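Note that this is a predicted model, so its numbers are computed, not measured.
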Amino acid sequence: MSAETARRVLLAAPRGYCAGVDRAVIAVEQALKQYGAPVYVRHEIVHNKYVVKTLEKKGAIFVEETSEVPPGEIVIFSAHGVAPEVHREAERGKLATIDATCPLVTKVHKEAVRFAKDDYDILLIGHEGHEEVIGTTGEAPEHITLVDGPKDVENVEVRDPEKVVWLSQTTLSVDETMETVDALQQKFPALISPPSDDICYATQNRQTAIKQVAAESDLVLVVGSKNSSNSVRLVETALAHGAKAGHLVDNAGEIDASWLEGVTTVGLSSGASVPDVLVEGVLDWLAERGFADVEVVQPVREHIEFSLPKELRRDLRAEAAQKVSD
């Protein structure tokens with residue numbers, strides 16, 4: 001095989017777990033270790049089937065509503081965040097809570113509360129029905145209007161065009177979000193922006209990497225679950241930046257070998273809730289079909305870590321103190 005037709009994989013970096021997902025998954029694992037099974041989790045802790053099934057095997061029980069958790073038990077809130085009413089439901093149900101909301105989502109919640117207090121109309125850019133959007137909206141429902149992409153802008157109405165701000169879901173496409181913001185600014189020239197970018201660093205970094213990979217790829221594979229917003233956005237971003245084809249797969253078992261016909265370069269990345277073991281499985285699958293040459297494409301590096309939820313840190317400190325006193 002000539003160098004011109006050599007098969008290769010362009011492996012995007014950063015990829016996979018972000019700091020918020022890592023924190024949330026460790027929180028469930030630590031809670032199981034600290035308190036024993038079962039530990040209840042409201043909604044999927046992160047949007048990944050493999051992660052959820054792995055935690056279920058360890059003793060986590062995933063529920064849709066707080067009311068499904070027996071009184072006196074522990075419930076963990078997912079990385080996507082919850083509305084204040086969910087905290088009140090847990091209190092009424094006498095539940096011990098561990099809040100594993102990503103700190104970057106918490107930042108958006110606090111922005112919503114602050115702008116609502118100042119009586120702004122808040123235009124929340126995001127996808128209807130997503131857990132994160134539901135949680136943020138719950139902070140100030142009377143002030144928040146959801147804007148689901150540029151197509152929604154013409155329908156937006158506000159009380160005072162001079163007092164309006166935009167916020168966003170943290171896992172959106174950077175390009176589409178700015179397209180939506182541009183359209184909103186044309187309609188509302190006085191629109192102000194959040195104090196800092198709402199789209200999380202990990203989402204932006206993974207999109208930056210996939211853009212570079214896509215420009216040289218015949219096919220892009222993104223490992224991630226279909227209900228993972230940031231994973232879906234990676235495929236869309238790849239197709240918009242040069243990839244001839246792109247697919248979202250949960251694991252190597254979902255890849256169709258026919259996708260490789262005429263392909264010499266495969267781009268590979270994974271969503272922010274995907275453990276790297278699933279990417280390794282795809283690399284093995286590709287190597288078996290002649291794509292053994294792997295080149296890492298890393299335009300940015302990540303060094304961010306988040307501490308565990310305060311409830312776990314408190315109990316870990318208490319346990320350590322008890323051991324010292326014993």
For side chain to side chain contact (heavy atoms under 4.5 Å, CB included), just list the numbers for His127 and Leu172, CA-CA rounded to whole Å, side-chain angles, deciding distance to a tenth of an Å, and then say yes or no.
CA-CA 9 Å; His127 297 304; Leu172 299 180; 3.5 Å; yes
What is the minimum heavy-atom distance between [X] and [Y], and which atoms define it?
| X | Y | value |
| --- | --- | --- |
| Leu10 | Ser217 | CD1-OG, 4.1 Å |
| Pro299 | Thr208 | CG-CG2, 4.0 Å |
| Pro84 | Gly138 | CD-O, 3.3 Å |
| Ile199 | Ser168 | CG1-OG, 3.6 Å |
| Pro275 | Val51 | CD-CG2, 3.7 Å |
| Pro14 | Ala209 | O-CB, 4.3 Å |

Short N-O contact, [X] and [Y], less than 4.0 angstrom:
| X | Y | answer |
| --- | --- | --- |
| Arg88 | Glu85 | yes |
| Arg233 | Glu236 | yes |
| Asp119 | Arg159 | yes |
| Arg15 | Asp276 | yes |
| Glu179 | Lys151 | no |

[X] [atom1]: over 12 foreign heavy atoms closer than 6.0 Å:
| X | atom1 | result |
| --- | --- | --- |
| Lys226 | NZ | yes |
| Glu154 | CD | no |
| Glu288 | CD | yes |
| Glu254 | CD | yes |
| Tyr50 | OH | no |

Any side-chain donor paired with an acceptor under 3.5 Å for [X] and [Y]?
| X | Y | value |
| --- | --- | --- |
| His47 | Glu131 | yes |
| Thr264 | Arg7 | no |
| Ser307 | Arg313 | yes |
| Thr171 | Gln169 | yes |
| Thr203 | Asn230 | no |

Can you find a heavy atom in the side chain of [X] that is under 4.5 Å from one in the side chain of [Y]?
| X | Y | value |
| --- | --- | --- |
| Val279 | Leu11 | yes |
| Trp285 | Ile255 | yes |
| Thr170 | Val108 | yes |
| Glu56 | Ile61 | no |
| Leu124 | Val147 | no |
| Val25 | Tyr17 | yes |
| Cys102 | Arg23 | no |
| Ile192 | Phe115 | yes |

Can you tell me how far [atom2] of [Y] sits from [atom1] of [X], rounded to the nearest 0.5 angstrom?
| X | Y | atom1 | atom2 | result |
| --- | --- | --- | --- | --- |
| Asp152 | Leu184 | CG | CG | 9.5 Å |
| Thr97 | Glu73 | OG1 | CD | 13.5 Å |
| Ile144 | Ile122 | CD1 | CD1 | 4.5 Å |
| Thr145 | His143 | OG1 | NE2 | 10.5 Å |
| Gln34 | Leu308 | CD | CG | 10.0 Å |
| Gln204 | Thr177 | CD | OG1 | 9.0 Å |

Side chain of [X], backbone of [Y]: donor and acceptor closer than 3.5 Å?
| X | Y | result |
| --- | --- | --- |
| Ser225 | Ser228 | no |
| Ser270 | Gly16 | yes |
| Lys58 | Ala37 | no |
| Lys187 | Val156 | yes |

Would Val282 and Asn251 count as a side chain to side chain contact (heavy atoms under 4.5 Å, CB included) here? Give the steps.
CA-CA 7 Å; Val282 172; Asn251 51 58; 5.9 Å; no
With hydrophobic residues grouped by side-chain heavy-atom distances under 4.5 Å, do [X] and [Y] end up in a single group?
| X | Y | value |
| --- | --- | --- |
| Leu283 | Val266 | yes |
| Val274 | Val249 | yes |
| Val39 | Val21 | yes |
| Leu221 | Leu248 | no |
| Val174 | Trp166 | yes |

Classify the ring geometry between His130 and His80 as parallel (under 30°), tilted (30 to 60°) or perpendicular (over 60°).
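Answer is perpendicular, since the angle exceeds 60°.
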For the ring pair His43 and Phe77, is the centre-to-centre distance below 6.0 Å?
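Centroid separation for His43 and Phe77: 6.0 Å or greater.
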Ile74 vs Tyr40, side chain to side chain contact (heavy atoms under 4.5 Å, CB included): CA-CA, chis, key distance, verdict
CA-CA 6 Å; Ile74 295 170; Tyr40 291 82; over 6 Å; no
Pair listing, salt bridge (charged side-chain N to carboxylate O under 4.0 Å, His left out) test, anchored in residues 188-213, at least two apart
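Applying salt bridge (charged side-chain N to carboxylate O under 4.0 Å, His left out) to every pair that reaches into residues 188-213, excluding sequence neighbours, yields Lys107-Asp198, Asp175-Lys211, Arg206-Glu302.
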Should Glu44 and Glu64 be marked as a side chain to side chain contact (heavy atoms under 4.5 Å, CB included) after you check the CA-CA gap, both sets of side-chain angles, and the distance that decides it?
CA-CA 8 Å; Glu44 294 185 351; Glu64 286 303 305; 6.0 Å; no
Only one of Val69, Val75, Leu95 forms a side-chain contact (heavy atoms from CB on, under 4.5 Å) with Arg42, so which one is it?
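For Arg42, the side-chain contact (heavy atoms from CB on, under 4.5 Å) test succeeds with only one of Val69, Val75, Leu95, which is Val75.
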